[in-house]
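Both ligands and their constituent atoms are indexed starting at 1 by order of listing. Small disclaimer: the values here were computed from a predicted structure and weren't measured.
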Amino acid sequence: MMKRRGFLVLISLALIATVIAGCGGQKPAEQKPAEQKPAEPAKPAEPAEIKIGVVAPLTGDVATFGASTKNGAELAVKQVNDKGGVLGKKIVLVMEDDKNQPTETAAAVQKLITQDKVVAVVGSVASKCTLAGAPIAQANKVVMISGTSTNEKVTQVGDYVFRACFIDPFQGAVGAKFAFENLKAKSAACLFDVTNDYTKGLAEEFKKNFEKLGGKIVEYQTYNVGDQDFKPQLTKIKAKNPEVLYLSDYYNTVGLIAKQAREMGIKAALLGGDGWDSADLTKIGGPAIEGGYFSNHYSKDAKNPEAVEFLAAYTAAYKADPDALAALAYDATMILVDGMKRAGKIDSTAIKDALHQTKDFKAVSGNITIDPATRNPIKSATILKVQGGKFAFEAIVNP
Ligand code: PHE
């Protein structure tokens, strides 16, 4: 009201001034041409919208990760825009496919920053990819937040790099504790991709923690990205007859290994990490993966209000159940939006500073407090069991 009245007073004064000037006698024709002011240097116009980049594997070997990430981020942005946007502006997403290849991630982040001039980047999914893109975001002082990259080194790249998920030292400890205490296993074997930061790092953490609890790692076998035949390594593992086989890779490779392990008569319980989370795991692994367990960030059975609302909105929009990747892309985007609101301006450094102060943010995947020293959230993990081709909630493990 006050503002409007002030505005009207101003208009009235301006009108009076014009009338008085008009009565002043000087005819317009006699007026000297107004002195030409030198043109002011054009200020960069405030962009009318907020551009956020998203980098995810929309194609390639783990394409379900990209599809879910896209869905989750788009749902978050739609909900924010429907409520009027952020600081009066609408968000626009610029989507980039990195094919789960680190060189592609680096190129995508570079393009988003220099060409699209995004204020922040959500992504990527795999740790090895985010590790390739993050130094570029950091060097350009652009905020980057991965929903899902769990390798510890990711946020160590610098103070502009964040994540919405827990880290692998925690995830490995959760897996080891579950194997030792819940499954009562005293022996385990690991089989992992040495070329993948996530796969290798998670196997190391599982081993360290399982041994600390008093368990024994009887085989520690590796392969390379793209390998399809795991029989040589599985033969060695079979000879040691471990109670648990820990598979820290993504769903596509885990499905293949599970099949070959069962064909060879390996009886060990199969256990792994968040990389298993895809509806395609059971398509590839079939009965071989049944009864397996994995640690994860999210279960569609979660009962916190944010998760209940998210599940309803997601299934309505996409006619499919969300997975952890969808939930974490949604959370990463919403954490970013929250940071923008608290920053009060669309400026990457101000947003970075606000994100360091994220406290008890009510996310779909649980409450998130970002540790400003490490930019890692502190949050619990969920254990899921593969049952009847679906993932059933098994347990929750707190940090
Ligand atoms: N944590 C995996 C990585 O860092 C990515 C991932 C997260 C995959 C969640 C599936 C589900 O590479």
Side-chain angles (χ1 to χ4, degrees), residues 55-58 60-73 98-102 104-105 122-134 144-157 161-175 192-206 225 246-255 272-282 284 292-300 321-332 363-366 376-377 379-384 386 391:
V55 185
L58 300 172
D61 58 347
V62 289
T64 71
F65 290 172
S68 293
T69 300
K70 180 173 185 284
N71 287 350
D98 69 7
K99 309 181 178 80
N100 200 33
Q101 288 170 15
E104 297 279 340
T105 317
V122 173
S124 181
V125 171
S127 293
K128 65 176 181 182
C129 290
T130 308
L131 278 165
M144 183 158 177
I145 178 165
S146 167
T148 52
S149 293
T150 46
N151 186 274
E152 195 176 14
K153 290 177 288 182
V154 168
T155 51
Q156 290 169 357
V157 169
V161 187
F162 300 83
R163 69 178 116 214
C165 51
F166 53 64
I167 57 173
D168 288 335
F170 170 65
Q171 179 165 217
V174 165
F192 60 93
D193 175 357
V194 266
T195 69
N196 183 316
D197 300 275
Y198 158 74
T199 306
K200 179 169 175 278
L202 185 53
E204 284 164 3
E205 293 296 338
F206 175 83
V225 64
Y246 192 73
L247 302 172
S248 50
D249 210 331
Y250 305 129
Y251 65 92
N252 54 338
T253 310
V254 168
D274 54 353
W276 286 31
D277 193 12
S278 168
D280 282 3
L281 174 71
T282 50
I284 300 166
Y293 298 95
F294 65 104
S295 48
N296 205 6
H297 311 264
Y298 166 79
S299 156
K300 68 177 177 45
D321 284 338
D323 54 18
L325 294 118
L328 289 172
Y330 180 92
D331 283 349
V364 170
S365 60
N376 293 325
K379 54 200 287 207
S380 54
T382 302
I383 303 276
L384 299 177
V386 185
F391 303 148

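- Contact annotation for Tyr250 and ligand 1: only side-chain heavy atoms (C-beta onward) come within less than 4.0 Å of the ligand.
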*I would like to know whether Tyr198 and Lys200 meet side chain to side chain contact (heavy atoms under 4.5 Å, CB included); could you show each step before the answer?*
CA-CA 6 Å; Tyr198 158 74; Lys200 179 169 175 278; over 6 Å; no
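- Looking at Ser124 and Asp98, their side chains do bring a donor and an acceptor atom within 3.5 Å of each other.
- Remark: the Tyr250 side chain and the Asp193 side chain contain no N/O donor-acceptor pair separated by less than 3.5 Å.
- Looking only at atom types and distance, the side chain of Asn296 has no donor-acceptor partner in the side chain of Thr382 under 3.5 Å away.
- With a 4.0 Å cut-off on non-hydrogen atoms, Ala324 does not touch ligand 1 at all.
- Scanning the protein heavy atoms around atom 10 (C) of ligand 1, the nearest turns out to be Asp274 O, 3.1 Å.
- With no hydrogens or angles considered, a side-chain donor-acceptor pair links Asn376 and Thr155 at under 3.5 Å.
- Here the protein heavy atom with the shortest distance to atom 4 (O) of ligand 1 is Ser127 OG, 2.4 Å.
- Interface atoms of ligand 1 facing Ser149, defined by a heavy-atom separation under 4.0 Å, are 4 (O).
- The N/O atoms of His297, backbone and side chain alike, include none that comes under 3.5 Å of an N/O atom in ligand 1.
- Using a 4.0 Å cut-off to heavy atoms of Thr150, the atoms of ligand 1 that qualify are 1 (N), 2 (C), 3 (C), 4 (O).
- Only the side chain of Leu325 comes within contact range of ligand 1, with a heavy atom under 4.0 Å; no backbone atom does.
- No hydrogens or angles considered: nothing links the side chains of Asn151 and Asp197 as a donor-acceptor pair under 3.5 Å.
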